[in-house]
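Heads up, the thing below is written out as structure tokens.
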Amino acid sequence: MFEGDFFGTYAEDELAWPGSDDEEHLDEDDLGYDIGPVPVPPSLATPAHGEHHDIDAPVPAHNDAFHPPTADQGQDARHMAQQRLHEHEQAPTIPSNATYHAQLDGSSADNIYAPFASKLDWDMAPFSELVSIEGLSEKLGLSFKNTRELNKIIDNKLPGRPKFKCKQIVVANEAFDVYFCDIIECIKALFSDPNFADFLVFAPERHYADKDETICLYHEMHTGKWWWNSQKHLDRERPGVTIIPVIISSDKTQVMMFHNKSAYPVYMTIGNIPKDIRRKPSRHAHVLLAYLPTTRLDHVTNKAARRRMLANLYHACVGRVLAPLAAAGINGINMRRGDGTVHRGHPLFVCFVGDYPEQILATGIKTTQCPKCDTPPDELGLATGIANWQPRDLGAVLDALCALDEGGLAFVWACANAGIKPIVHPFWEGLPFVNIFESVTPDSITTLSHVSSTEHNQICCFLLGIIIDTSLPHNMSSARLLHAYPSHTSETLVLLNEALDLFHDNKDIFIDLGIRNSFNLPKLHFTAHYTHMIRMFGTMDNYNTEYTERLHIDLAKDAYRSTNHKNEFAQMTTWLEWREKVFCHEKYIQWRLIGNTARPHQPHPPEMTFRHTQMMTKHPTVKAVTTDRVVNEYGTTHFNESLARYVAKVTLPANTTVTARQLEDRAADIHIPFRTLPVFHKVKWLSADVRGHDNSLVTVDSVHARPGWSGTFASDSVAPRFDTVFVNDGTGGSLGTKGYQIAQVRVIFLIPPKAVPKLFPSTFQPPQHLAYVEWFSPFHVSRIIKNGECMASIIPISNIHCSAHLIPHFRPVAPREWTSSNVLDECSSFYVNTYID
């Protein structure tokens, strides 16, 4: 038995995934391949405690499964597993920070910064370029006089993550250098990191979106069926083991705008770490595993031969890097968590993250084909129900790879018949429980130049809203072309498939308009595999290509800039080792200063609602703005009247009801006792760390209300900006539009403290921040006009729920005089963009 942190304890016979209406019961046969244990040669006997096999150890020739163990074999396996677990329980529990402390030279209670002589020495370490300034070291009293002495301290006295080594890979009688770390040591470094100790996941779990446990919920990788099925197979032979899903990504990137310099990094992370932590580069949950050769083999004139050599070079290098997983995945290795507890971990390669060219390279298929199924290139644009495709046959591919012993020509023909290129020993051939065609994940990176994935997603949200009013031939509704991505439950995955079918039913409009000739696009076809992948591996932010964008900056481009551009990879790996050592030591010092702040962590599924916290700046943008300027520059035509009406309303006795006429009479008697007031130009909302992952807060939404100004030059001028918002009338909930109304914010302000006692009784404390807003009608949106004037009110900013994006009703022709600064005043009706939230 093994423990699940969220839904309690599970027995082995409960590990099969329950049947559901949207997908039939899934076991190893349903996957298109068998993920059972791998036959182990005698040379791969279980290693001694704390050891792992050398990179040159022999690996299994296939990843075929054998038959389930007999009853006697099962009893022996259970006895061995219980004995191993008992040994782990008896082993001393030594937290990682304590282990790091023991490795330091000169660390004591008096000097927590050791091996640095003082806090000043440590504070100067990140600014190594300043140390070489003549006389600075003596003036500050530093223990090191130059950069060389500082680097010597970091090199020799600071522990760190695994070191890089350089090996030569020979392909077609030509040698190439590959720089890489020991992948087992890298996995151990992530698994033992004390910053992740409270958040690691060790067992698969079933999560549900309803109390009746009928709607399956998919989010983290351990909620997917791959982990369940893999755990079941391993538990037959070695009960109680911990699966460590290894996620690999590779992507060549330019490190210089000129001279065509590039790097080919390979990154690694583990699925035990929650995705909210993995996707933040600042948490260092990804490890740079290798730099692959970047050669183009320009000296090979035959293009076909060059492509074959590049593919074989890639697989030879990656195979060298991942080779230790073959033995470790079968036999397991002892892994010490950050809090000191020991697990018998089985690192299994689970996902390959890369763009489409990387997917082609990793799987060995031909360009224009789907890496997951056998759909012909000219049928990629067909809907799932029309295309008759099957998952790629891993068994046939492995049999074709065995034909290498029969000679070159037979090998080439066998690979062609199996649908792959003739690659000699692809890197995944000997890895246990691996089907590379299942492991490749969607490519979500945009191909727009100089546009990040986040910006591309924002552009799509605007474009989807804009085309809602586009006139199409045959009176076709453009709304049918739109598709909002749903949350991931067994029910919404059905909706996702229905939305995809709806797109296929209407996509010919792009052909009718002459925008495209066909939809035979591999990336578009990949959407047909989305629901299956979410069920298998959790939601797609578990294996997203967006993560490598930021990693390229930190682990490739910054590293290259630190070199003299000669023999750069040796210098880049050294610089990265220093960087990781300084980062680890910084975390250790924080531990020494603050102490053990670990708290019990109970993982739970993400909430289906969006949680955020409203935030205002401590000081106003403008400390004193006259009421005349507020009216003229901010457009608050009825500011004094609206504020008087607000004061009259909130100062009414409890349970008092008045008519609009009575409220106006009461407001007419109120005098506004100030001429200037402090004004704020922005309110923002920060993300809430609802899952307890210690994530830093980031701005997820903001609203601006500021006038424009003119500069000396036209380029210095700034247009006014007064954003629209959703205002909660007191009855609005976390979902839907009921209880909300659209308004435009004109000014955000404070009532001067000296004026508060003159306007309000001492028993009433008014809200600190108020806003003057102009109202729009719900929910075919247009301004509310009364007697030729816009309806306006003063409201607390706490009533503002979030920003609202309004799209003008353009009709057949969009007026050229409309601009972003005047369209809210010029246009008479709007749509609310539902694709932003």
Side-chain angles (χ1 to χ4, degrees), residues 32-45 53-67 167-176 178 248 292-293 297 300 302-331 348-349 352 359-366 369 371 374 390-440:
Y33 66 103
D34 198 335
I35 59 173
V38 176
V40 185
S43 59
L44 293 183
H53 294 286
D54 185 75
I55 194 169
D56 295 321
V59 298
H62 295 277
N63 39 9
D64 298 329
F66 55 38
H67 298 292
K167 298 292 183 180
Q168 284 195 332
I169 302 295
V170 178
V171 175
N173 297 322
E174 189 171 352
F176 302 90
V178 55
I248 300 295
L292 304 182
L297 300 179
V300 180
N302 185 285
K303 292 183 178 180
R306 185 192 309 152
R307 287 194 295 266
R308 285 195 297 270
M309 283 187 64
L310 287 173
N312 279 281
L313 175 61
Y314 173 86
H315 282 272
C317 293
V318 177
R320 177 83 172 183
V321 175
L322 303 186
L325 293 181
I330 299 169
N331 300 315
L348 303 178
F349 175 80
F352 177 84
Q359 296 171 10
I360 294 298
L361 194 57
T363 57
I365 66 169
K366 296 180 180 180
Q369 293 182 339
D374 59 1
Q390 297 294 327
R392 291 191 176 272
D393 188 350
L394 178 65
V397 171
L398 293 175
D399 290 340
L401 295 175
C402 292
L404 180 63
D405 298 333
E406 302 174 10
L409 186 59
F411 176 64
V412 171
W413 277 107
C415 289
N417 292 332
I420 64 169
K421 299 174 184 176
I423 298 173
V424 178
H425 299 308
F427 72 83
W428 38 264
E429 181 183 15
L431 298 181
F433 317 124
V434 172
N435 182 340
I436 189 61
F437 307 115
E438 281 279 328
S439 297
V440 290

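- The shortest distance between side-chain heavy atoms of Ile169 and Arg320 falls below 4.5 Å.
- Not counting sequence neighbours, Glu406 has no partner by the side-chain hydrogen bond (donor to acceptor under 3.5 Å, both in side chains) test.
- Scored by the side chain to side chain contact (heavy atoms under 4.5 Å, CB included) test, Ser439 finds Phe349, Val434, Ile436 as partners (sequence neighbours excluded).
- Closest approach of Cys317 and Pro293 over heavy atoms only: SG-CD, 3.6 Å.
- We find the CD1-CG distance between Ile423 and Leu404 to be 12.5 Å, quoted to the nearest 0.5 Å.
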Using a 3.5 Å cut-off and no angle test, enumerate the donor-acceptor pairs between side-chain atoms of residues 305-313 and protein atoms at least two apart in sequence or in another chain.
{"unit_1": "Arg306", "atom_1": "NE", "unit_2": "Leu297", "atom_2": "O", "d": "3.4"}
{"unit_1": "Arg306", "atom_1": "NE", "unit_2": "Val300", "atom_2": "O", "d": "3.0"}
{"unit_1": "Arg306", "atom_1": "NH2", "unit_2": "Val300", "atom_2": "O", "d": "2.8"}
{"unit_1": "Asn312", "atom_1": "OD1", "unit_2": "Val424", "atom_2": "N", "d": "2.8"}
{"unit_1": "Asn312", "atom_1": "ND2", "unit_2": "Arg308", "atom_2": "O", "d": "2.8"}

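- For the pair Phe176 and Val171, the tightest heavy-atom approach, listed with the atom from each and the gap, is CE1-O, 4.1 Å.
- Residue pairs meeting the side chain to side chain donor-acceptor pair (under 3.5 Å) criterion with at least one member in residues 413-425, sequence neighbours excluded: His425-Glu429.
- The heavy-atom pair separating Ala326 from Gly430 by the smallest distance is CB-O, 3.7 Å.
- When all heavy atoms of Ala403 and Ala414 are compared, the closest pair comes out as CB-CB, 3.7 Å.
- In terms of heavy-atom proximity, Ala362 sits nearest to His315 at O-CE1, 3.1 Å.
- Gln359 CD to Gln369 CD: the interatomic distance, rounded to the nearest 0.5 Å, is 13.0 Å.
- Qualifying side chain to side chain contact (heavy atoms under 4.5 Å, CB included) partners for Val412, counting only residues two or more places apart in sequence or in other chains: Pro422.
- Residues Leu348 and Leu325 have side chains not in contact (no heavy-atom distance under 4.5 Å, counting atoms from C-beta outward).
- In this structure, CG in Asp374 is found 11.0 Å from CZ in Phe437, a value given to the nearest 0.5 Å.
- Under the 4.5 Å side-chain criterion, counting only non-hydrogen atoms from C-beta, Leu401 is in contact with Phe411.
- To the nearest 0.5 angstrom, Ile360 atom CD1 is 12.5 Å from Ile420 atom CD1.
- Atom CG in Leu398 sits 6.0 Å away from atom CH2 in Trp428 (nearest 0.5 Å).
- The side-chain heavy atoms of Arg392 and Ile365, taken from C-beta on, include a pair separated by under 4.5 Å.
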